[in-house]
S.K.: 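Pasting in a structure now, in structure tokens, and then I'll have a few things to ask.
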Amino acid sequence: MDRRAALRSLATATLGIVAAPAVLRHRYQLFAHSPAEYSARTIVLMRESTVIDMLCQFAFDDFREDNVPKAIRWRRDPAAFTADDFARFRDSGVTVLALGSGPGNYEGMLRFFAEWNGFVASHSDWFTRVDEARDLTSIKRSGKIGILMTTQTSDHFRTADDVDTFYALGQRVSQLTYNMQSRTGAGFLENRDSGLTAFGQEIIARMEKVGMVVDLSHCGDQTTLDALGVATRPPVFTHASARAMLPACSRCKPDEALRALAAKGGVVGIPMIRFMIRPEAPVTVQHVADHVEHLIRLIGPEHVGVGSDLDMAGLANPVTKEPGIGAISNQPNFSRYNAYFAANGGAHVDGLDHPKRLFDLTEALVQRKHSDATIRLVLGESFARVLAATWK
């Protein structure tokens, strides 16, 4: 049996549901609720790869669903999460997802870690907390989904000793700053980026000592470069993109920072936020693939991964009870995002506001004739390398 026939056979065996016309075209429909079809090669790559989304925020509150959204019910009562709910996560093809909590203080983060540790423990048949490199290998064999405990701020570190505390609670990645000034450095929306602070350097040193990955996604340019300068282990941009393709969006990283990240062995995760992929609509999975290819050319596929910055359903932010209340656009200097939104108000890339979006990205890369090795790096191997190099 040649390789192409083997791929078709494996895909068919994997799915168990294939319409005859699709078989003849070597295309397969994966989901009953979607007419999208995928090649056998895409299905096999997703099935066999350890797929890591370095920012998939599980579920945002969505008050369009109910007076008490599922995400709130799940946090309050893990038993409310059902087998049908898990099926959405399983069918996504994602092996490991990073939670990426937003800004919070020490007490708020203690609650965050308590809730998520309790949730994972309550569903140990479906989820595993990812603590060390060998978990990235075993999770694929287990059939479970790995939960990577990460934060989008380091404001909860009152002293360097708090890094040890949260490491013990399961934290394995910490974003150095969010959008504004903090004790560690400046976020990219701050009026003036004064760079990495002495406290920030101390926090980086302690993170590297205990085995916690430094994330610089939201840092201002000077803070980013300062942190890259002092890093001794590979840092990451869990969710960022190239400013060369979107000059008006200062949330994206300049080439200088991307090359410095790669020189330290780090990885950048491609987001699926529309205004971080293309400066104007329309924006589709093909434009995401354009961005992946640009970064591959600039720094190499071993430094490129995925950090969708969406929840599993495809939301980019919570949907509040009152439109506009708590909107991300209310932040100071928000114009630096050069943001624009979909007709429904979402920030997602068109057509990727669903759980199977990494199948779509894989299919786009397959169609562009990238090698299996390159696609596997983007799907998870690049980030797995960095995590293993830092974790102890």
Side-chain angles (χ1 to χ4, degrees), residues 30-36 53 55-94 96-105 107-129 144-152 239 271-274 308-331 339 341-360:
L30 280 179
F31 306 99
H33 62 275
S34 170
D53 187 340
L55 188 54
C56 177
Q57 302 186 54
F58 204 85
F60 281 120
D61 297 345
D62 185 354
F63 281 92
R64 297 171 302 180
E65 298 176 335
D66 202 342
N67 288 330
V68 182
K70 286 182 178 179
I72 293 177
R73 294 202 302 271
W74 294 341
R75 292 196 298 268
R76 293 175 179 173
D77 177 16
F81 186 86
T82 68
D84 287 341
D85 295 321
F86 177 69
R88 170 181 284 187
F89 288 76
R90 180 198 61 218
D91 293 347
S92 72
V94 174
V96 176
L97 59 87
L99 295 174
S101 168
N105 56 24
E107 291 76 15
M109 282 300 187
L110 285 178
R111 178 168 183 167
F112 171 81
F113 281 93
E115 287 178 345
W116 278 104
N117 279 322
F119 180 88
V120 173
S122 296
H123 297 295
S124 59
D125 49 341
W126 293 334
F127 297 103
T128 295
R129 195 180 79 183
K144 300 178 185 180
I145 289 177
I147 301 294
L148 186 54
M149 307 287 267
T150 71
T151 69
Q152 287 201 71
H239 56 301
M272 295 183 179
I273 302 297
R274 60 200 297 111
S308 69
D309 203 7
L310 303 174
D311 73 358
M312 187 54 70
L315 290 175
N317 287 99
V319 179
T320 57
K321 292 181 180 179
E322 300 179 45
I325 302 298
I328 59 172
S329 57
N330 291 341
Q331 300 173 78
F341 299 90
N344 65 0
H348 57 276
V349 170
D350 293 334
L352 296 186
D353 54 337
H354 55 74
K356 71 178 190 306
R357 52 187 175 264
L358 289 184
F359 282 93
D360 294 334

S.K.: Mind checking side-chain contact (heavy atoms from CB on, under 4.5 Å) for Asn317 and listing every partner two or more places apart, or none if nothing turns up?
M.R.: Ile328

S.K.: Within this structure, what is the CG-NE2 distance for the pair Leu315 and His348, rounded to the nearest 0.5 Å?
M.R.: 9.0 Å

S.K.: Can you name the closest pair of heavy atoms from Arg357 and Ser308 and give their distance?
M.R.: NH2-OG, 3.6 Å

S.K.: Tell me if a side-chain donor or acceptor on Asp309 pairs with a main-chain N or O of Pro271 at a distance below 3.5 Å.
M.R.: no

S.K.: Is the backbone N or O of Asp85 less than 3.5 Å from a side-chain atom of Arg88, with the two atoms forming a donor-acceptor pair by type?
M.R.: no

S.K.: What residues form a side-chain hydrogen bond (donor to acceptor under 3.5 Å, both in side chains) with Glu65, not counting sequence neighbours?
M.R.: none

S.K.: Identify, with sequence neighbours excluded, every residue that meets side-chain contact (heavy atoms from CB on, under 4.5 Å) alongside Ser124.
M.R.: none

S.K.: Show the atom names and distances, to 0.1 Å, of all donor-acceptor pairs under 3.5 Å that link a side chain in residues 67-79 to residues at least two apart or in another chain.
M.R.:
residue	atom	partner	partner atom	Å
Arg73	NH1	Val68	O	2.5
Arg75	NH1	Asp61	OD1	3.3
Arg75	NH2	Asp61	OD1	3.2
Arg75	NH2	Asp61	OD2	3.4
Asp77	OD1	Ala79	N	3.2

S.K.: Looking at residues at least two apart in the chain, or sitting in another chain, which of them share a side-chain contact (heavy atoms from CB on, under 4.5 Å) with Ala339?
M.R.: Phe275, Phe334, Tyr337, Phe341

S.K.: Identify the heavy atoms of Gly351 and Asp360 that sit nearest to each other, and give their distance.
M.R.: O-OD2, 3.9 Å

S.K.: Mind checking the CE-CE spacing from Met149 to Met109? Nearest 0.5 Å is all I need.
M.R.: 10.5 Å

S.K.: Does any part of the side chain of Met272, heavy atoms only, come nearer than 4.5 Å to the side chain of Leu55, both counted from C-beta?
M.R.: no

S.K.: Can you tell me how far apart CZ (Phe127) and CG (Leu97) are? Round to the nearest 0.5 Å.
M.R.: 7.5 Å

S.K.: Going from NE2 on His239 to SG on Cys56, what distance comes out if it is rounded to the nearest 0.5 angstrom?
M.R.: 12.5 Å

S.K.: When rounded to the nearest 0.5 angstrom, what is the spacing between CG in Leu310 and CZ in Phe58?
M.R.: 15.0 Å

S.K.: State plainly whether the residues Glu107 and Arg111 are in salt-bridge range, i.e. N to O under 4.0 Å.
M.R.: no

S.K.: In Å and rounded to the nearest 0.5 Å, what is the CZ to NZ distance from Arg129 to Lys144?
M.R.: 13.5 Å

S.K.: Could you tell me whether a side-chain N or O of Ser101 sits under 3.5 Å from a main-chain N or O of Thr151, the two making a donor and an acceptor?
M.R.: no

S.K.: I'd like to check Leu99 versus Ile147 (side-chain heavy atoms, cut-off strictly below 4.5 Å). Are they in contact?
M.R.: yes

S.K.: My understanding is that only residues two or more places apart in sequence, or in another chain, count here; which of them pass side-chain contact (heavy atoms from CB on, under 4.5 Å) with Asp350?
M.R.: Arg274, Val283, Ala342

S.K.: Kindly assign one of parallel, tilted or perpendicular to the pair His123 and Trp126, based on the angle between their ring planes and the thresholds 30° and 60°.
M.R.: parallel

